[in-house]
Amino acid sequence: QVQLVESGGGLVQAGGSLRLSCAASGRTFSSNAMGWFRQAPGKEREFVAAVAWSVDNTAYADSVKGRFTISRDHAKNTVYLQMMSLRPEDTAVYYCAADGVSRGWYSRPSVAVSAYDYWGQGTQVTVSS
């Protein structure tokens, strides 16, 4: 059974930092894209960041570019999201996701919710002003 388990969420003041982790089990995703999405109350789930098979092949939402960094450890089947200079508008439940299909070394990671087949349960991030 495939599981994605997020950790690292919490309450932080504006300007602070958090590091989210997502550990996958049940299968390896080393050759698959993995990503982070978030959902605030009353809003749709939105793309935050994604990383492809090649760790240098990443994508970011404009709202987090320059503040968030996604990375992955193939050996640990884990993806991370380092969040800095957090803002109140970053408050949301953050979800880890994995693409069930390996799309090749040079493929760009998708930013679409529908492209990801496996999802974690989410971790709450709250940024106070």
Side-chain angles (χ1 to χ4, degrees):
Q1 181 181 0
V2 175
Q3 281 192 312
L4 302 179
V5 179
E6 302 100 335
S7 60
L11 173 64
V12 64
Q13 289 188 333
S17 301
L18 282 174
R19 188 192 192 211
L20 306 183
S21 299
C22 171
S25 62
R27 62 164 284 184
T28 180
F29 291 103
S30 59
S31 60
N32 300 56
M34 296 188 73
W36 289 94
F37 292 76
R38 66 187 181 187
Q39 188 166 17
K43 295 188 176 182
E44 292 188 352
R45 191 168 299 190
E46 65 175 6
F47 170 76
V48 175
V51 58
W53 184 359
S54 167
V55 297
D56 295 324
N57 195 349
T58 58
Y60 293 94
D62 288 342
S63 59
V64 307
K65 207 170 290 184
R67 300 188 297 122
F68 291 10
T69 303
I70 190 169
S71 61
R72 68 188 303 174
D73 185 327
H74 287 308
K76 295 182 178 179
N77 214 18
T78 298
V79 64
Y80 306 95
L81 186 68
Q82 179 68 50
M83 305 186 293
M84 302 180 67
S85 302
L86 283 161
R87 305 166 180 169
E89 54 264 39
D90 294 318
T91 295
V93 177
Y94 283 70
Y95 296 91
C96 172
D99 186 344
V101 177
S102 177
R103 304 184 189 279
W105 180 260
Y106 297 105
S107 177
R108 293 278 294 168
S110 176
V111 304
V113 171
S114 59
Y116 293 83
D117 303 290
Y118 301 97
W119 293 84
Q121 81 289 349
T123 185
Q124 176 71 45
V125 171
T126 302
V127 184
S128 63
S129 57

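Since we're looking at a predicted model, the values are computed, not measured.
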Exceeds 12 heavy-atom contacts within 6.0 angstrom, atom NZ of Lys43: no

Student check: side-chain heavy atoms of Ser54 and Tyr106 closer than 4.5 Å: no

Derivation of the side chain to side chain contact (heavy atoms under 4.5 Å, CB included) call for Met83 and Val48: CA-CA 11 Å; Met83 305 186 293; Val48 175; over 6 Å; no

Set of side chain to side chain contact (heavy atoms under 4.5 Å, CB included) partners for Arg108, sequence neighbours left out: Asn57, Ala59

Partner residues of Ser30 under the side-chain hydrogen bond (donor to acceptor under 3.5 Å, both in side chains) criterion, sequence neighbours left out: Thr28

Any side-chain heavy-atom pair of Val55 and His74 under 4.5 Å: yes

With sequence neighbours excluded, residues passing side-chain hydrogen bond (donor to acceptor under 3.5 Å, both in side chains) with Asp56: none

Side-chain touch Met34/Leu4, heavy atoms, less than 4.5 angstrom: yes

Steps toward side chain to side chain contact (heavy atoms under 4.5 Å, CB included) verdict (Tyr116, Phe37): CA-CA 10 Å; Tyr116 293 83; Phe37 292 76; 3.7 Å; yes

For Ser114, side-chain hydrogen bond (donor to acceptor under 3.5 Å, both in side chains) partners two or more places apart: none

Inter- and intrachain pairs under salt bridge (Lys or Arg N to Asp or Glu O under 4.0 Å), touching residues 69-87, at least two apart: none

Side chain to side chain contact (heavy atoms under 4.5 Å, CB included) partners for Val12, two or more places apart: Leu18, Leu86, Val127

Common cluster, Phe47/Val51, ILVMFWY with side-chain heavy-atom separation under 4.5 Å: no

For Ala23, side chain to side chain contact (heavy atoms under 4.5 Å, CB included) partners two or more places apart: Thr78

Sequence neighbours excluded, every pair satisfying ring-ring contact (aromatic ring centres under 6.0 Å, His included) that has a member inside residues 8-31: Phe29-Tyr118

Residues that Ser71 engages under side chain to side chain contact (heavy atoms under 4.5 Å, CB included), provided they are two or more places apart: Tyr80

Pairs touching residues 2-22 that satisfy side chain to side chain donor-acceptor pair (under 3.5 Å), sequence neighbours left out: Glu6-Gln121

Hphob cluster co-occupancy, Trp36 + Val2, side-chain heavy atoms under 4.5 angstrom: yes

Least distance between heavy atoms, Pro109 atom then Ala52 atom: CD-CB, 3.9 Å

Between CG on residue Leu20 and CD on residue Gln82, distance to nearest 0.5 Å: 9.0 Å

Please tabulate, for the side chains in residues 92-104, all donor-acceptor contacts under 3.5 angstrom to protein atoms that are two or more places apart in sequence or on a different chain.
{"residue": "Tyr94", "atom": "OH", "partner": "Arg38", "partner atom": "NH1", "Å": "2.9"}
{"residue": "Tyr94", "atom": "OH", "partner": "Asp90", "partner atom": "O", "Å": "2.6"}
{"residue": "Asp99", "atom": "OD1", "partner": "Val101", "partner atom": "N", "Å": "2.9"}
{"residue": "Asp99", "atom": "OD1", "partner": "Arg103", "partner atom": "NH2", "Å": "3.3"}
{"residue": "Asp99", "atom": "OD2", "partner": "Arg103", "partner atom": "NE", "Å": "2.5"}
{"residue": "Asp99", "atom": "OD2", "partner": "Arg103", "partner atom": "NH2", "Å": "3.4"}
{"residue": "Ser102", "atom": "OG", "partner": "Ser31", "partner atom": "O", "Å": "2.8"}
{"residue": "Ser102", "atom": "OG", "partner": "Ser31", "partner atom": "OG", "Å": "3.4"}

Contacts of Gln124 that satisfy side-chain hydrogen bond (donor to acceptor under 3.5 Å, both in side chains) - sequence neighbours left out: Thr126

Nearest non-hydrogen partners of Tyr60 and Thr58, listed with the distance: CE1-OG1, 3.5 Å

Min side-chain heavy-atom separation Cys22-Val79 under 4.5 Å: yes

